[in-house]
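We count ligands from 1, going down the list as the structure has it; atoms in each ligand are counted the same way.
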Amino acid sequence: MNAQETSLNLKEAFKGKFLIGAAMNAYQIMGKDTAATNIIKKQFNAIVAENCMKSERIHPREDKFDFSLADKFVQFGTDNNLVVTGHTLIWHSQAPDWFFVDDAGKMVSKETLIARMKNHIQTIVTRYKGKIKGWDVVNEAINDDGTYRNSKFYQIIGEDYIKLAFQFAREADPDAELYYNDYSMSIPAKRNGVVAMVKKLQKQGITIDAIGMQSHLGLDNPDIKDFEASLEAFSSLGCKVMITEMDISILPFPDKNAGAEVTKSFEYKQQMDPYRESVPDSVTTAFEQRYLSFFKLFEKHEKAVTRVTLWGVTDANSWKNNWPVPGRKDYPLLFSRNYAPKPIVDKIIKQTLSE
Ligand code: G3I
């Protein structure tokens, strides 16, 4: 029996355990890729926008918000009874230049940046109040060594920008869940840094409802034991854990520590792109084993894990085809380039039903 013949789909299989979601790209949100949106409606019960709510898109100038795509995205969620996550309010990357400078191009004061952050966060959160279940409030604020990332938010405001972001979001929608989201969360030093940051915030009265582990995984990296140690460490803080951007690359990694740092890029070389024509069975087996192991882990921790979201629908549009090496052919998701469920979908469903 293959996945197409399975009567159950992913969202039914994980009912009562955790939400299962997918990130939507602009074409899907605009209704130009109905084969993909049909997969979302059939298989998933949660969505997140891959790009259209990032600050450079939704707030391109100080006096101009562009809600055109974000409104459509949220409406798609409402119309199809999907749990909607907002991604992302405060992120150093994809933030428009105007955010940090004045008219003369000089870095703004702490007070000005705080006021801009407040306006940015509260305008967006208020607009979607009651329609968005939770927000990635702060994204990627901790370095792999556990220190604070030296972003412009950090340079101008200091670590308090994180606390303020959560306070502004909470004020705007007290009923929304608020998340901290980051990549490479298995790295022990990073885990410790995130734990220390969250503890400090909690002491200051900030509630972080969930910690998002992005989970851009490779076949061998990270070690699942390190991943589990982080999941347990985050959950022991009293936070839920969300797997927010899952994919499993089968391609060689030029730098195993690249994490999901979008600024890193490596030159294209043919030997780094080995599966343009086909994927060897041994690699497919390793890919399936890896997905099954991680889903088994999520189920083991189903009291802590409230959502598992894949970073895209089909392999065709995955960001992994262009990162960390542009122009490669990767196969990181659950649905193939021709929109068919891969055999792993059926295997994941069978594994969860046999638990
Ligand atoms: O839409 C434009 C298009 O008009 C233009 O012609 C083209 C030329 O470069 O760029 C297109 O925009 C690209 C966009 O993806 C849509 O494809 C941007 O250049 C590119 O930077 C952007 O990359 C996104 C990346 O975040 C940076 O925002 C990826 O799609 C997206 O998957 C990725 O997602 C991030 C999460 O938000 C946070 N965690 C890491 C994750 C992976 O980097």
Side-chain angles (χ1 to χ4, degrees), residues 21-30 32-33 36 40 46-60 66 68-70 72-73 84-97 99 124 132 134-144 149 151 153 165 179-187 190 194 210-218 221-222 242-249 251 253-255 257-266 268 307-328 330-335:
M24 291 184 74
N25 65 25
Y27 281 105
Q28 293 156 2
I29 294 167
M30 288 188 287
K32 291 184 180 172
D33 188 0
I40 295 174
I47 51 170
V48 60
E50 185 175 359
N51 286 307
C52 74
M53 296 182 114
K54 292 174 180 172
S55 54
E56 72 176 7
R57 301 282 174 105
I58 205 166
H59 198 174
D66 178 355
S68 47
L69 265 187
K72 283 198 174 70
F73 161 72
V84 183
T85 298
H87 174 85
T88 170
L89 293 169
I90 295 296
W91 188 28
H92 67 282
S93 182
Q94 267 55 49
D97 293 339
F99 224 112
I124 299 169
I132 287 204
W135 289 94
D136 291 337
V137 178
V138 175
N139 202 35
E140 302 172 6
I142 298 290
N143 293 317
D144 289 355
R149 182 190 286 272
S151 67
F153 291 108
Y179 317 133
Y180 175 73
N181 190 46
D182 214 327
Y183 62 76
S184 293
M185 295 286 244
S186 306
I187 297 176
K190 186 156 191 166
V194 171
I211 297 180
M213 301 177 74
Q214 292 185 8
S215 312
H216 296 293
L217 310 169
N221 190 48
M242 291 179 163
I243 309 305
T244 52
E245 306 183 10
M246 187 178 189
D247 43 31
I248 301 180
S249 173
L251 295 180
F253 245 76
D255 169 4
N257 296 318
E261 179 57 58
V262 270
T263 52
K264 288 205 179 179
S265 184
F266 298 84
Y268 181 89
R307 172 168 60 91
V308 177
T309 288
L310 280 297
W311 202 239
V313 181
T314 79
D315 289 342
N317 305 113
S318 166
W319 76 296
K320 294 299 306 183
N321 293 310
N322 287 303
W323 188 91
V325 179
R328 296 197 296 178
D330 206 345
Y331 302 78
L333 294 167
L334 299 180
F335 295 84

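If you check the side chains of E245 and Y183, you find no donor sitting under 3.5 Å from an acceptor.
Judged as a ring pair (Phe, Tyr, Trp, His ring centres under 6.0 Å), and not counting sequence neighbours, the contacts of F153 are F99, F100, Y161. Qualifying ring pair (Phe, Tyr, Trp, His ring centres under 6.0 Å) partners for W323, counting only residues two or more places apart in sequence or in other chains: W319.
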Where do V313 and I40 land on the side-chain contact (heavy atoms from CB on, under 4.5 Å) test, with the steps shown first?
CA-CA 8 Å; V313 181; I40 295 174; 3.8 Å; yes

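At a threshold of 4.5 Å between non-hydrogen side-chain atoms, the residues R307 and I243 do not count as touching.
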Which atom pairs, nitrogen or oxygen on both sides, join ligand 1 and the protein at under 3.5 angstrom?
unit_1: ligand 1; atom_1: 12 (O); unit_2: R57; atom_2: NH2; d: 3.3
unit_1: ligand 1; atom_1: 26 (O); unit_2: K54; atom_2: NZ; d: 2.8
unit_1: ligand 1; atom_1: 28 (O); unit_2: N51; atom_2: OD1; d: 3.4
unit_1: ligand 1; atom_1: 28 (O); unit_2: K54; atom_2: NZ; d: 2.9
unit_1: ligand 1; atom_1: 28 (O); unit_2: Q94; atom_2: OE1; d: 3.3
unit_1: ligand 1; atom_1: 30 (O); unit_2: E50; atom_2: OE2; d: 3.2
unit_1: ligand 1; atom_1: 30 (O); unit_2: N51; atom_2: ND2; d: 3.0
unit_1: ligand 1; atom_1: 32 (O); unit_2: E50; atom_2: OE2; d: 2.4
unit_1: ligand 1; atom_1: 32 (O); unit_2: W311; atom_2: NE1; d: 2.9
unit_1: ligand 1; atom_1: 34 (O); unit_2: K54; atom_2: NZ; d: 3.4
unit_1: ligand 1; atom_1: 34 (O); unit_2: W311; atom_2: NE1; d: 3.2
unit_1: ligand 1; atom_1: 37 (O); unit_2: K54; atom_2: NZ; d: 2.8
unit_1: ligand 1; atom_1: 37 (O); unit_2: H87; atom_2: NE2; d: 2.7
unit_1: ligand 1; atom_1: 39 (N); unit_2: E140; atom_2: OE2; d: 3.0
unit_1: ligand 1; atom_1: 39 (N); unit_2: Q214; atom_2: OE1; d: 3.0
unit_1: ligand 1; atom_1: 39 (N); unit_2: Q214; atom_2: NE2; d: 3.3
unit_1: ligand 1; atom_1: 39 (N); unit_2: E245; atom_2: OE1; d: 2.7
unit_1: ligand 1; atom_1: 39 (N); unit_2: E245; atom_2: OE2; d: 3.3

Scan the side chains in residues 89-97 for donor-acceptor partners under 3.5 Å anywhere in the protein, sequence neighbours excluded, and list what turns up.
unit_1: W91; atom_1: NE1; unit_2: E140; atom_2: OE1; d: 2.7
unit_1: H92; atom_1: NE2; unit_2: R149; atom_2: NH1; d: 3.3

